[in-house]
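All remarks here apply to the structure that follows.
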Amino acid sequence: MEFLSTFEITKTIMSYLEELNESQRIAVENIFGPTMVIAGAGSGKTRVLTYRIAHMLKNDIDPFNILSLTFTNKAAKEMSERISKICGGQEAKNITMGTFHAVFAKILRYNSDRIGFPSNFTIYDTQDSKSLLKDIIKELNIDDKTYKPSNVLGRISSAKNNLISAQAYADNPEIQLEDKQSMRPEIGRIYRIYANRCQKAGAMDFDDLLYFTNVLLRDFPDVLHYYQQKFRYILVDEYQDTNYAQYLIVKKIAASYENICVVGDDAQSIYSFRGANIKNILNFRQDYPDYKLFKLEQNYRSTKNIVEAANSVIKKNKDQINKVVWTDNGIGQKITVLRTLTDNEEGRAITNKINTLKESIEQTYNNFAILYRTNKQSRSFEESLRKLNIPYKIYGGISFYQRKEIKDILAYFRLTTNPRDEEALKRVINYPKRAIGKTSVENIIISANKYSVSMWDVINDFDTYPADVNGPTKARIYEFVTMINSFGAELNKLDAFTLAERITKSSGILKELNDEKTKGPEEVERVQNMEELLAGIKEFVNSGEEDEIRTLADFMIDVALLTDVDQEKPDERNHVSLMTIHASKGLEFPHVFVVGLEENLFPSQMALNSRSELEEERRLFYVAVTRAMTTCTLSYAGSRFTWGQAVMCEPSRFIDEIDQQFLHFETPSRGQGRSLMGSGFQAKSGGLNKPFERQGQKLTAVKDLNQTSHNNPSNSDKIMVGTNVVHERFGKGKVTNLEHSGADQKAVIFFPHHGSKTMLLSFAKLTIVDE
DNA sequence: CCAGTACTTAGGTTG
DNA sequence: TAAGTACTGG
């Protein structure tokens, strides 16, 4: 591969160019000047980006001068591999390619001395950030009910994404007013302490990576100049999901050459909650008046039905760039809308469908994806898939690196590379148990704050930084410090695997986990996870260049920014994929099931307050549907368990918003054999093609008694005279009378605080309660 | 300091 | 429901 002649390389690229359609090809060939590519769903966007880079290399552009920012590390890896195939291996390796966070974390490490961080700074994940905030709030002795860590972190995060420092935050009257109005006037103070503590600990959170990159480029013109010269060609994928901090980084670096190409789709902007600003894409023309615009509108992924159904929904949004996505593909089947009574039945019905489809047509489970709005929805699918022995993989949720046992081990690694890391220290100073209690740790923190040093400084030198810790405990702390130092001494002598193995042994973690192994399957899994982590490190060491020793510090650089999708090994891919719609961005599957299409779930209840939020939910729905290549199934349940209580649900407005000619309605056949449940899949035409009447939803199966053991769906409760219920607004009540039956059944319900009310059962949001 | 138990309260998407 | 917290007794 690497020894292709110039002629062959040219030929390869030329033949690739011929594979592109007209608009794709023009976009690929246009490698100079500001360029914006608006790429509809499934229009070959990744392909354009990849070939564009290949085309640059073919035109003798130095790979060292190319910066390509992707949305996931996996996307970067795949692009890099494809470019290697076209242009030969070495070239592609020299391109700077990765996510914003990964790329700029590296640049920050390289220039860390400028901004007062060590080059081996730790990256705090969300958990670390929240835990630190929790401590700070506690230390300040302010109400932890009004100041919730996640809430405060959200505020700080959006401040950082808008490049507002702690000082600027406190000085900004508008922000201060906002915080006062929300009864949280202390956030500015917390922000300042938080930033300070991170700095002391030599740690950056996710937002800091972007924030400090901006600081670096703003305050050090020589650094800015260096990267402007280095990155003469910039490509940004998923531009619609960049936030202000990212936007500004790109803008600054691109300023001297303006060879910047952004690719995106405003209709797929789904990350405004983390500061993504759709205006970045809309304002591109103002930033670069002589820009060129290319639109990719032909969809190669999906059937006509799917493309047009998706179009019919997204056109309800007001904020968007004009474009028409179309396809030459076949019409395909209508989109199936599946109604089930409960969330558990939804799981069973979808699972049965997958089973049937797999047997009859498809050979592999890879072709199926179940997409949901929230991670917790995965549960019912997990259960039913497991029951039928269908292999599946849940993406996102608690990732491998967030598991407790893994975080514990990583905390030791983190301390080894950066002993000032406060969160890591707090995590393992008494794990495994070594009789260093909470009080001692608190007093160490008090001392650290008092002398404005890190916790590590205090426990290293109690003489200089006295802390209220008793003698025996001090001795145990000394032992701990000595141990960490001994790990640190080996950091550059041993490879990552050897040192990691040593740490798990010496720290006592290995023993701790092995001792607990007898307790149950969960504990066994923990040991397996630890082994997997070590195996991963071994692989990391082995994949290094010859006579290069890859150290634990090298390993730790990437770990914080890895996600599940990045981790995937190609050979373990015969499974149904379960993930949130957010996580599915950029992916495609022959058969897609979008589940939980209920009001207050999708669209999320929290998005109902403003048009812009609702439009984002709609874009999310658009993304979900356009993942599908061949078939798309939408499902919703009549009731769903939330916090251990069954809650009635209404079908999502998005189902109504689809042009009904593309839909086909269905309920799983009930009381029959499971294998028949998927029978409606072959687009039974005729009378079924009309929506269910909403009134048709009876208040049955409010309580799902067949949670795990049996699966007879008729085993459910009904409202009767005397039933206790809870109403959304009126609270607890008792049914005193029932009128009519079926669709328009009414109930007279007595509420102790509101008197008797008559309500239509099909509309009232009632929950049956015990007692 | 620790382990076991009772109680409370979750609002959602992610690098 | 489930996870995290506060409390209690050893």
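Convention: sequence-line order gives letters A, B, ...; per-chain numbering from 1.
- Stacking between A:Trp643 and C:dA2 is absent: the ring centroid is not both under 5.5 Å from the six-membered base ring centre and under 30° in plane angle.
- Using a 4.0 Å heavy-atom cutoff across all strands shown, A:Glu613 reaches no nucleic acid atom at all.
- The residues A:Arg434 and A:Glu479 are annotated as not salt-bridged, no charged nitrogen and carboxylate oxygen being separated by less than 4.0 angstrom.
- When distances are taken from the side chain of A:Thr439 to each of B:dT13, B:dG15, B:dC1, the shortest belongs to B:dC1.
- Residue-level contact check: A:Asp207 touches the bases, meaning some heavy atom is under 4.0 Å from a base atom.
- For B:dT13 and C:dG4, the C1' atoms lie 22 Å apart once the distance is rounded to whole Å.
- Under the 6.0 Å distance and 45° angle rule, A:Arg619 does not count as a cation-pi partner of A:Tyr622.
- For the pair A:Ile394 CD1 and B:dT14 P, the interatomic distance rounds to 13 Å; values are reported in whole Å.
- One finds no side-chain N or O of A:Thr126 lying less than 4.0 angstrom from the OP1 or OP2 phosphate oxygen of B:dG15.
- Here C:dA3 presents its P atom at 14 Å from NZ of A:Lys404, a figure rounded to the nearest Å.
- The separation between A:Arg379 atom CZ and B:dA10 atom P is 21 Å, rounded to whole Å.
- A straight line from CZ of A:Arg640 to P of B:dG12 spans 13 Å, rounded to a whole angstrom.
- One interatomic measurement links the two molecules: CD of A:Glu598 to C1' of B:dG12, which rounds to 15 Å at whole-angstrom precision.
- Classification of A:Lys433 and A:Glu512 as a salt-bridged pair fails, no side-chain N sitting under 4.0 Å from a carboxylate O.
- Judged by distance alone with a 3.5 Å cut-off, a donor-acceptor contact links the side chain of A:Glu617 to the base of B:dG12.
- The residue A:Tyr271 sits close only to the backbone: its heavy atoms come under 4.0 Å of sugar-phosphate atoms, none of a base.
- Between A:Lys74 atom NZ and B:dG15 atom P there is a gap of 12 Å when expressed in whole angstrom units.
- Side-chain atoms of A:Asn214 come within 3.5 Å of backbone atoms of A:Ala245 as a donor-acceptor pair (strictly under, hydrogens ignored).
- Between B:dC1 and A:Lys433, no contact under 4.0 Å exists linking OP1 or OP2 to a side-chain N or O.
- For A:Phe100 and A:Phe206, the ring centers are positioned 6.0 Å apart or more.
- Look at A:Ser440 and you'll find a side-chain N or O under 4.0 angstrom from OP1 or OP2 of B:dC1.
- Using a 4.0 Å heavy-atom distance criterion, A:Asp241 is classed as making no nucleic acid contact.
- Note on A:Thr72: every side-chain N or O is 4.0 Å or more away from OP1 and OP2 of B:dG15.
- For the pair A:Asn430 and B:dC2, the criterion of a side-chain N or O lying under 4.0 Å from OP1 or OP2 is met.
- In this structure, CZ of A:Phe71 is placed 8 Å from C1' of B:dT14, rounded to the nearest angstrom.
- Stacking of A:Arg618 on the aromatic ring of A:Phe654 is not recorded, the 6.0 Å distance cut-off and the 45° axial limit not both being met.
- Under 4.0 angstrom from either OP1 or OP2 of C:dT1 there lies no side-chain N or O belonging to A:Lys376.
- Each of A:Ser150 and A:Ile436 has a nearest nucleotide on DNA chain B; the 5'-most of these lies closest to A:Ile436.
- Note on A:Lys148: only backbone sugar-phosphate atoms sit closer than 4.0 angstrom, heavy atoms only; bases stay farther off.
- A salt bridge does not link A:Glu615 with A:Lys316: every distance from a Lys NZ or Arg NE/NH1/NH2 to an Asp or Glu carboxylate oxygen is 4.0 Å or more.
- A donor and an acceptor atom never sit less than 3.5 Å apart when one is taken from the side chain of A:Arg274 and the other from the base of B:dT13.
- Closest approach to the A:Thr374 side chain among B:dT9, B:dT13, B:dG11 is made by B:dT13 (side chain taken as heavy atoms from C-beta onward).
- Following rounding to the nearest Å, A:Asp144 (CG) and C:dG4 (P) show an atom-to-atom distance of 15 Å.
- Distances shorter than 4.0 Å separate some side-chain N or O of A:Asn375 from OP1 or OP2 on B:dT14.
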